**Student:** 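Just passing along the structure, written as structure tokens.
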2 protein chains.
Amino acid sequence: MAKRPATIIHVAEKARVSVKTVSRVLNDEPNVTPDLKARVLAAVEKLGYSPSKAARTMAGSRSYLLVAFNDRRLTLDNWRSERGNEWIDQMLYGAMLRCEQSGYHLMFELVDRESDQLEKQITAVLSSLQPDGVILTPPNCENPVVLGALKKRSIPFVRLNTPVRGQGPRVYMDDRAAARQATKHLLGLGHTRIAMIAGDYKFSSSILRVETFEATMEAAGHPVPEARIYKGDFTFEAGVAGARALLDLPDPPTAIMASNDQMALGVVSVAQARGLAVPGDLSILSYDDTIGVRLSAPSLTAVRQPVAKMAEKAADMLITASAAGEKQIAGNTLVPFELMVRASTGPAPK
Amino acid sequence: MAKRPATIIHVAEKARVSVKTVSRVLNDEPNVTPDLKARVLAAVEKLGYSPSKAARTMAGSRSYLLVAFNDRRLTLDNWRSERGNEWIDQMLYGAMLRCEQSGYHLMFELVDRESDQLEKQITAVLSSLQPDGVILTPPNCENPVVLGALKKRSIPFVRLNTPVRGQGPRVYMDDRAAARQATKHLLGLGHTRIAMIAGDYKFSSSILRVETFEATMEAAGHPVPEARIYKGDFTFEAGVAGARALLDLPDPPTAIMASNDQMALGVVSVAQARGLAVPGDLSILSYDDTIGVRLSAPSLTAVRQPVAKMAEKAADMLITASAAGEKQIAGNTLVPFELMVRASTGPAPK
DNA sequence: CTCTTAGATGATACCGCTCCCATTCTCGTC
DNA sequence: GACGAGAATGGGAGCGGTATCATCTAAGAG
């Protein structure tokens with residue numbers, strides 16, 4: 001009863017044409033008469049035929065597969081702590097749907113940025129899966145080992161949301177402008193003692209945000225003392241520790257900006273524990289705008305990263321290039337961010 | 001510079017053995033002397049060789065690929081509304097990590113349960129991807145078209161979290177016991193006027209939960225009038241509509257149980273809008289226990305579904321069977337649920 | 001010491017497709 | 001009317017593995 005799926009040969013026989021002609025029709029190649037084309041399509045329909053990806057990959061120059069390399073530690077940490085992983089969620093949404101449109105597939109891989117096996121891991125995936133393109137997320141998109149492995153094999157790739165230029169095509173948002181706008185939002189509310197909980201400096205966005213924050217504050221006449229920058233690592237716990245350290249300063253901040261949502265939620269929990277009203281006593285601003293900050297009490301003002309759009313665009317670039325047989329991906333794409341003003345930021349206390 | 005990956009032939013040459021011997025080593029087949037095995041492994045290492053999945057799929061009887069069929073509508077709705085999709089997240093976590101351990105891969109497919117092309121969609125995926133196994137989530141795991149297509153092609157599959165037995169192997173939780181425990185939790189708090197917002201009846205868990213709720217109430221001497229069951233469809237909006245309808249009853253409930261998290265959050269929003277204290281005036285209990293209900297204010301008491309564990313187990317069953325060359329999957333697996341008691345349920349008001 | 005037998009290895013035919021290279025056919029051209 | 005260009009089709013060689021089967025070796029039996 002194990003019904004074997006139909007092959008291209010069955011289709012060819014049924015349509016009374018050569019295998020090659022079927023292939024032409026399937027791949028929309030030119031020089032096929034409408035008559036034959038119709039016969040082939042009819043046979044395909046009747047047999048419920050769908051070409052084997054494996055065979056196509058072997059024989060042809062395309063595999064109809066994109067791979068997304070995510071950071072293993074970051075990803076697993078999020079999963080384990082049951083915080084969910086909206087980055088991945090949104091990537092799936094954006095990239096997968098785009099892939100589907102063109103008969104492509106998307107595969108997730110977790111790679112360990114700290115492992116000395118990193119290059120081997122990447123290489124193994126590339127040679128066993130032979131993807132037509134790769135999507136890199138931070139911090140992989142800034143990792144020379146990862147980039148080197150891809151370049152050595154001339155696998156087209158697109159980097160998601162890295163501010164680092166010159167290392168290949170990327171789809172990104174303007175981190176600098178976002179940090180500036182976020183800072184100005186707080187300044188506009190009358191805050192002058194603003195602190196920041198930075199992200200892991202292995203992510204260059206983290207550095208950029210801090211720098212821009214400092215520059216913007218300085219320009220407004222409120223230079224930021226070093227103590228008001230806390231180095232975090234994107235975890236909830238870092239948010240808690242950072243908030244405590246910052247609020248224990250002799251001149252505690254009236255607003256705290258966190259470089260991602262989980263740290264911001266950590267800040268919220270500390271504020272609540274200390275009986276500080278948000279935003280009455282303390283304003284809180286976050287980056288990422290994942291679901292947690294929209295549902296938290298109060299809902300958080302946040303810089304929204306259009307992850308789904310970025311992923312969709314990245315997939316689009318890779319598929320387009322692959323379909324055209326190009327190994328080189330065209331230019332960069334800037335996608336707009338948005339400052340979602342919600343209930344966690346308000347006028348500075350007197 | 002496009003370095004071609006090494007093939008099994010290169011390995012064979014380097015190790016001075018036949019291609020077949022390399023294949024034996026790679027697949028842990030018996031009857032290879034340690035000497036040769038060592039030579040082969042050394043060559044593999046030196047060349048950074050990793051066998052092509054495509055070639056293996058074509059030549060062999062395994063593809064090292066599992067496919068998870070998710071419901072397209074449900075999934076996309078969740079994504080579009082930016083509520084996230086923790087089911088998928090957790091499946092990735094559980095199933096993907098299990099796959100990784102055995103050199104397998106997991107691929108997500110969205111299929112439209114309402115489409116008349118459903119069977120064609122499934123068939124296309126099966127014949128183009130040739131997965132070694134399929135994981136089905138509700139409501140696909142109860143869809144005769146889906147099940148039929150899989151059976152026709154003898155593709156092993158495991159159904160996740162369906163109470164329907166006799167249609168193939170499944171990994172599931174005891175919905176009946178969960179509904180009973182949830183109901184008793186509320187009864188224990190003194191509630192007698194308890195209402196339920198049911199899920200889409202296309203998911204048989206929905207029906208089971210309602211029935212068990214009714215039976216448990218009846219046994220406790222508090223039969224549930226029909227008006228206290230609202231038929232929802234798993235959306236936030238259904239939760240809102242349901243809460244309004246139920247609270248507008250002449251004898252409004254003191255507790256509402258919702259068949260999933262989004263509907264429960266809808267109930268919370270109505271309660272807040274009407275100035276009802278939770279749980280002072282109204283207790284709320286939910287199913288699924290996704291991240292939203294843990295972060296909401298107040299955090300919700302919920303029946304936790306161990307989705308990651310279920311997915312891991314499902315992947316495990318499929319991989320084990322596939323490795324053993326069996327087309328038949330062994331039995332069912334019951335995984336434990338847990339009632340997470342949080343701040344949204346409390347003693348019934350006087 | 002020959003015969004059996006199981007273990008160890010290799011040769012080779014595919015698997016289902018794409019790609020390169022004929023081959024045939026139809027025109028338009030001089 | 002012979003000839004070349006280009007369109008329409010087909011033939012057949014791989015792609016990189018696995019599976020079947022043949023071959024060869026060495027250990028144990030009589």
Side-chain angles (χ1 to χ4, degrees), chain A residues 2 4-40 43-44 47-65 103 124 126-130 132 322-323 325, chain B residues 2 4-40 43-44 47-65 103 124 126-130 132 322-323 325:
Chain A
R4 294 212 157 285
T7 76
I8 198 174
I9 296 182
H10 301 132
V11 176
E13 281 169 358
K14 185 150 201 111
R16 285 163 296 131
V17 296
S18 76
V19 164
K20 177 62 216 182
T21 300
V22 177
S23 176
R24 282 202 182 88
V25 173
L26 259 35
N27 294 294
D28 268 323
E29 286 173 31
N31 305 341
V32 183
T33 49
D35 173 37
L36 283 198
K37 186 163 180 173
R39 264 163 45 202
V40 169
V44 165
L47 295 171
Y49 168 76
S50 190
S52 153
K53 231 115 202 164
R56 282 185 143 179
T57 304
M58 278 212 61
S61 52
R62 300 161 68 181
S63 63
Y64 299 87
L65 211 217
L126 295 183
S127 61
S128 74
L129 257 29
Q130 293 159 263
D132 289 343
S322 148
Chain B
R4 294 213 156 283
T7 74
I8 197 172
I9 297 182
H10 301 131
V11 176
E13 282 169 357
K14 187 153 200 110
R16 286 164 295 132
V17 297
S18 76
V19 165
K20 178 62 210 177
T21 300
V22 177
S23 175
R24 283 201 182 89
V25 173
L26 261 35
N27 293 293
D28 268 323
E29 286 174 31
N31 304 340
V32 183
T33 49
D35 172 38
L36 283 198
K37 185 163 181 173
R39 262 161 49 201
V40 169
V44 165
L47 294 172
Y49 168 76
S50 188
S52 152
K53 231 115 203 165
R56 281 184 143 180
T57 304
M58 276 211 63
S61 51
R62 299 162 68 182
S63 63
Y64 300 88
L65 212 218
L126 295 183
S127 60
S128 73
L129 257 29
Q130 293 159 264
D132 289 344
S322 148

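Chain naming here is simple, since letters A, B, ... match the order of the sequence lines and numbering starts at 1 in each. Quantities reported herein were computed from a predicted structural model and do not represent experimental measurements.
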**Student:** Rounding to a whole Å, what distance do you find between B:Ile8:CD1 and C:dT9:P?
**Tutor:** 15 Å
**Student:** Base, sugar-phosphate, or nothing for B:Ser61, non-hydrogen atoms under 4.0 angstrom?
**Tutor:** sugar-phosphate
**Student:** Distance check needed: C:dT9 P versus B:Glu29 CD, whole Å only.
**Tutor:** 13 Å
**Student:** Distance check: side-chain N/O of A:Ser23 vs OP1/OP2 of C:dC19, anything under 4.0 Å?
**Tutor:** no
**Student:** Could you give all pairs that pass the salt bridge (Lys or Arg N to Asp or Glu O under 4.0 Å) test and reach residues 51-65 of chain A, with sequence neighbours left out?
**Tutor:** none
**Student:** Could you check whether any side-chain N or O of B:Arg39 sits under 3.5 Å from a backbone N or O of B:Ala15, counting only pairs where one atom can act as donor and the other as acceptor?
**Tutor:** yes
**Student:** Does A:Ser52 make a side-chain N or O approach to OP1 or OP2 of C:dC17 shorter than 4.0 Å?
**Tutor:** no
**Student:** With a 4.0 angstrom cut-off to heavy atoms of chain A, pull out the first and last contacting nucleotide of DNA chain D, in 5'-to-3' order.
**Tutor:** D:dA7 to D:dG16
**Student:** How long is the line joining CD of A:Glu13 and P of C:dG16, in whole Å?
**Tutor:** 12 Å
**Student:** Round to the nearest Å and state the distance from A:Leu47 atom CG to C:dG16 atom P.
**Tutor:** 14 Å
**Student:** Output the rounded distance in Å from CZ (B:Arg62) to C1' (C:dC15).
**Tutor:** 17 Å
**Student:** In whole Å, what is the span from the CD1 atom of A:Ile9 to the P atom of C:dC17?
**Tutor:** 8 Å
**Student:** On DNA chain C, compare the nucleotides closest to B:Ala59 and B:Val32; which residue's is nearer the 5' end?
**Tutor:** B:Val32
**Student:** I'd like a table of atom pairs between the protein and nucleotides 10-12 of chain C - only N or O on both sides, under 3.5 Å - with the distance next to each one.
**Tutor:**
residue	atom	partner	partner atom	Å
C:dG10	OP2	B:Ser18	N	2.8
C:dG10	OP2	B:Ser18	OG	3.0
C:dG10	OP2	B:Thr21	OG1	2.7
C:dG10	O6	B:Arg24	NH2	3.1

**Student:** Would you say A:Arg56 reaches C:dT18's phosphate, i.e. side-chain N/O to OP1/OP2 under 4.0 Å?
**Tutor:** yes
